[in-house]
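Since we're looking at a predicted model, the values are computed, not measured. Reminder, nothing fancy here: chain letters follow the sequence lines and each chain counts from 1. Just the heavy atoms: all of them, side chains too, but no hydrogens, waters or symmetry mates, feed the values below.
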There are 2 protein chains.
Amino acid sequence: MPGMGRWQPDARGRLERAALELYVERGFERTSVAEIAERAGLTERTFFRHYADKREVLFAGSSVLQEVLVDAVARAPESATPMDAVAAALEAAAAVLQERQEHARRRHSVIDANTELQERELIKLASLSTALAGALRQRGVDDASAGLAAEVGIAVFKIAFRRWVEQAGDKELSQFIGESLTGLKAVTADA
Amino acid sequence: MPGMGRWQPDARGRLERAALELYVERGFERTSVAEIAERAGLTERTFFRHYADKREVLFAGSSVLQEVLVDAVARAPESATPMDAVAAALEAAAAVLQERQEHARRRHSVIDANTELQERELIKLASLSTALAGALRQRGVDDASAGLAAEVGIAVFKIAFRRWVEQAGDKELSQFIGESLTGLKAVTADA
DNA sequence: CGAGCGATGTCAGTCACTGTCATCAAACGG
DNA sequence: CCGTTTGATGACAGTGACTGACATCGCTCG
């Protein structure tokens, strides 16, 4: 089973927790990789064996999200339109994030304070869009519609997610997604 | 007049041309800033006085694009819906890019080959989206609709632009944008 | 118990990027 | 016409992200 360290267990988990803690405490820029590794009881070199760079340690969960999205599109009923399938995928992803709301908020506050991290977040979202489009094509959707539905779906997700993490109350992410999807139809409808 | 070097003129232009040339010749990663500066007849330190980092030298034109987009939204007739205004803005931006098709293709091939550059491109597009949304609010559009129309507009632009630069023929960018906008309405229409 | 293997440690090196100070060319005032 | 000022550039040292090469350690299997 890959990913399980053989000395102190869960090296990756320790690195991720140490990194998030330090990024929250002192900010991303003022945290060195050596400090993260030290808090995790490892060396700098080992950090870079687990993560391609200093940013990537914050984005380990994105592959999980991708699987959830793709899976939901695949499971959508055959009668569903492309946007219906995308909507179902966004709901599934929302459920995952809703379970870790606190973690999502902490992580968002770190990313929101640093441009480099925003860049990484954007390319992860673009990757999710590509995966979504692929899942739609798997359902027989044509290339153009698949690309559009996926991009638009991710756009909706971005807006809903931002409103969710920045809200004062405790409304669910799912609800923001529903509202954004409704708003989308209003905005794209012919005048 | 700022930006005009007093020794050899147009230092920024020389740096941008040298950078694009080298990125095309040897790839982004295998090009050092010292090499760019040398080809431009300047020093590495001067490069970083003009551009925040090695990537930014490829994105000098994005501020122009932003002005074109915002201006077009502001000029759209009062009767125009938010998406109409966004569509007009995309057409205006398309006209600018159509004039420099060769440059756009070369630049795209460089960005397409490197992940870091793709990240920078994505955050520039996100910045354009924010500017678009601001211009829409200036027209009295509510926050939610402005954000959605802007994000969706940029999504359409991304897809149309990619199809344009990667096409074999010489169809105009404006046409791809029109097709994508039509596809968008089809995809978001209720079943 | 010894060989193999995967994860970690050590160390040297490159390069992006920054702070600081010196220098130079052109514009400006007297 | 010359001295001063101003803004861009050069020179140089330094930090930290990231990499390659090699040694070492702990576990597993035969």
- CG of B:Asp53 versus P of C:dA16: gap in Å, rounded? 11 Å
- Side-chain-base donor-acceptor pair under 3.5 Å for B:Arg49 and D:dG10: yes
- Would you say A:Lys171 and A:Arg163 make side-chain contact, with heavy atoms under 4.5 Å? no
- Note on the structure: Residues B:Glu35 and B:Arg30: closest non-hydrogen pair is OE1-O, 3.8 Å
- May I ask you to evaluate whether B:His50 reaches the phosphate of D:dT9, defined as a side-chain N or O under 4.0 Å from OP1 or OP2? yes
- Cation-pi check, B:Arg12 onto B:Phe47 ring (under 6.0 Å, within 45° of axis): no
- Message: For A:Tyr23, does the six-membered ring have the charged nitrogen or CZ of A:Arg55 within the cation-pi criterion, i.e. under 6.0 angstrom from the centroid and within 45° of the normal?
- Response: no
- Query: Using a heavy-atom distance cut-off of less than 4.0 Å, which residues of residues 22-47 of chain B contact DNA chain C?
  - Reply: B:Thr31, B:Ser32, B:Val33, B:Glu44, B:Arg45
- Task: May I ask you to check whether B:Thr46 and B:Thr43 show a side-chain donor-acceptor distance below 3.5 Å?
- Result: yes
- Message: Can you confirm whether the side chains of A:Ser109 and A:Asp112 place a donor and an acceptor under 3.5 Å from each other?
- Response: no
- Note on the structure: What one should report as the nearest heavy-atom pair of B:Gln66 and B:Ser127 is OE1-OG, 3.7 Å
- Query: Which heavy atom in A:Leu122 sits nearest to a heavy atom in A:Lys158, and how many Å separate them?
  - Reply: CD2-NZ, 3.8 Å
- Message: Can you list, in residue-number order, the parts of residues 113-125 of chain B that come under 4.0 Å of DNA chain C, counting heavy atoms only?
- Response: none
- Starting at atom CZ of B:Arg12, determine the distance to atom P of D:dA8, rounded to an integer number of angstrom. 11 Å
- Rounded off to whole Å, could you give me the CD-to-C1' distance for the B:Glu56 and C:dA16 pair? 15 Å
